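These numbers were taken from a predicted model, which means no experiment stands behind them. Lettering of chains follows the sequences in order, A, B, ..., and the numbering in each one begins at 1.
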Amino acid sequence: MPADGLVSQMRRGALEYCVLALIREPPRYAFELIEALGRTGMLTTEGTLYPLLSRLRRDGLVKTDWRESTDGPPRRYYELTTEGRRALTAFKNEWTSFRGAVDGILQEGKKP
Amino acid sequence: MTAPHADQLIDGYLARIRAAAGDLPAAARNELLDDMRSHIAEARVHDLEETDASILNILDRLGEPATVVAEAPDRLGIHPSPPYRPGFLEVAAVILVPFLWPVGVILLWMSPAWHWRDKLIGTVIPPGGYIGLSYILLAGTTTGSSCTTIRDQAGHLLQSSCTGSPGLPGVVAVLWAILLFGSPLISATYLALRLRWGSPRQTAATA
């Protein structure tokens, strides 16, 4: 399928905003994020999420804190920063108009 | 709980991650390893019927170490530059340094394919390439040594005196001439050999 490369690029690009959206409220730990992303097919190689999370933290879009857990090792929770919230809002607006534009054209194309 | 090789499998996987992450800055590598360890520990808590197979499944889903680490440079903001491939610029520089010195030397210093030490050697041995050599030789014939001969009207030699350095003994002079005239070519050959074919340039940014 020729669009395979494009789709994986799009998925890759959208992934970080999906992560930001998932931790909007409440904060989550990486394993939860992986489960949520895995269910939707957004993430196939689970390990690749960790370098992404590191970058989001370095860019100041997320902040983390360690919390004890009752049933396992301590967990690092990821939470949106104000800047992360702003980035997410900006992406949502872009995405909505992008999706609208593409959908509109694809629908037009169907008409005889 | 029948995973007799759990530790072995996990340690093996982490070792492969560590090896694959060899080029990352130590802080980034350690962070990645810590994340992997936490992930595996967490996954094992959720793994109710732990077996060697289920451990392998956890590691398999994490991904090939090379794939995970390949994500890191981009995601961590480190961009290793692609290897520099010498091309026209370098070929032109090697040819022009001996024969058209100023142009060749400019090209030489423009190219990232040489270490600065090699560029310096290419520039000063000999200074000016063949153009420089001919200047040196011209200067040598006009100021280095000159001979005056006095002849009578019939053309018989009366007196001959030379100033300046006496001529070198034959063999040494020939060797010296070969070395002198060969030096631009030797220098160019040296530059051609020292080209860093496809070696990676310095990474620009480390986070």
Side-chain angles (χ1 to χ4, degrees), chain A residues 5 8-20 23 27-78 83-84 87, chain B residues 6 9-10 12-21 23-48 50 54-80 205-207:
Chain A
S8 80
Q9 285 297 316
M10 282 167 55
R11 188 181 291 137
R12 209 180 130 102
L15 181 61
E16 66 178 87
Y17 296 99
C18 292
V19 168
L20 293 181
I23 59 172
R28 299 201 203 208
Y29 59 102
F31 201 81
E32 278 183 298
L33 290 174
I34 285 172
E35 283 181 326
L37 292 166
R39 274 196 298 274
T40 58
M42 282 296 292
L43 185 68
T44 45
T45 308
E46 297 179 352
T48 56
L49 184 71
Y50 291 99
L52 167 63
L53 288 171
S54 296
R55 190 174 63 77
L56 292 177
R57 193 159 54 86
R58 213 165 301 215
D59 291 349
L61 301 182
V62 306
K63 59 184 177 200
T64 65
D65 65 312
W66 287 93
R67 297 184 196 172
E68 292 298 325
S69 86
T70 49
D71 59 347
R75 293 163 176 164
R76 178 149 49 187
Y77 276 78
Y78 293 82
E83 209 178 318
Chain B
L9 293 169
I10 292 164
Y13 181 83
L14 292 175
R16 286 175 60 212
I17 290 272
R18 191 179 291 112
D23 290 339
L24 293 185
R29 182 171 59 241
N30 291 333
E31 188 179 335
L32 183 61
L33 281 165
D34 283 345
D35 283 335
M36 295 287 121
R37 272 191 214 100
S38 307
H39 176 97
I40 294 165
E42 189 69 45
R44 292 180 76 181
V45 172
H46 293 249
D47 190 8
L48 300 175
E50 188 173 277
S54 70
I55 295 282
L56 277 174
N57 185 37
I58 291 170
L59 302 178
D60 196 46
R61 285 168 53 180
L62 263 178
E64 266 302 305
T67 312
V68 175
V69 172
E71 202 74 1
D74 169 21
R75 298 299 196 195
L76 295 175
I78 303 156
H79 302 280
T206 45

Counting only non-hydrogen atoms closer than 4.5 Å, does E35(A) touch chain B with its backbone (N, CA, C, O), its side chain (CB onward), both, or neither?
side chain
Among residues at least two apart in sequence or on other chains, which ones pass side chain to side chain donor-acceptor pair (under 3.5 Å) with S54(B)?
D47(B)
Against chain B, label S69(A) side chain, backbone, both or neither, depending on which of its atoms sit under 4.5 Å from a heavy atom there.
neither
Is R28(A) reaching over with its side chain to a backbone N or O of I23(A), donor-acceptor style, under 3.5 angstrom?
no
Among L49(A), L43(A), T45(A), T44(A), which residue forms the greatest number of heavy-atom pairs with chain B at distances under 4.5 Å?
T45(A)
Quick check: are there more than 12 heavy atoms from other residues, nucleotides or ligands sitting under 6.0 Å from CZ of R57(A)?
yes
Determine whether more than 12 heavy atoms belonging to other residues, nucleotides or ligands lie under 6.0 Å from atom CG of N57(B).
yes
L53(A) portion near chain B, given a 4.5 angstrom heavy-atom threshold
neither
Is R12(A) salt-bridged to E71(B), cutoff N-O under 4.0 Å?
yes
Between chain A and each of G63(B), A43(B), P65(B), count heavy-atom pairs under 4.5 Å; write down the option with the most.
A43(B)
What I want to find out is whether R75(A) reaches E32(A) closely enough, with some N-O distance under 4.0 Å, to be called a salt bridge.
no
Could you have a look at P74(A), P73(A), A30(A) and say which one has the most heavy-atom pairs with chain B under 4.5 angstrom?
P73(A)
For chain A, find which of D35(B), V45(B), I17(B) contributes the most heavy-atom pairs closer than 4.5 angstrom.
D35(B)
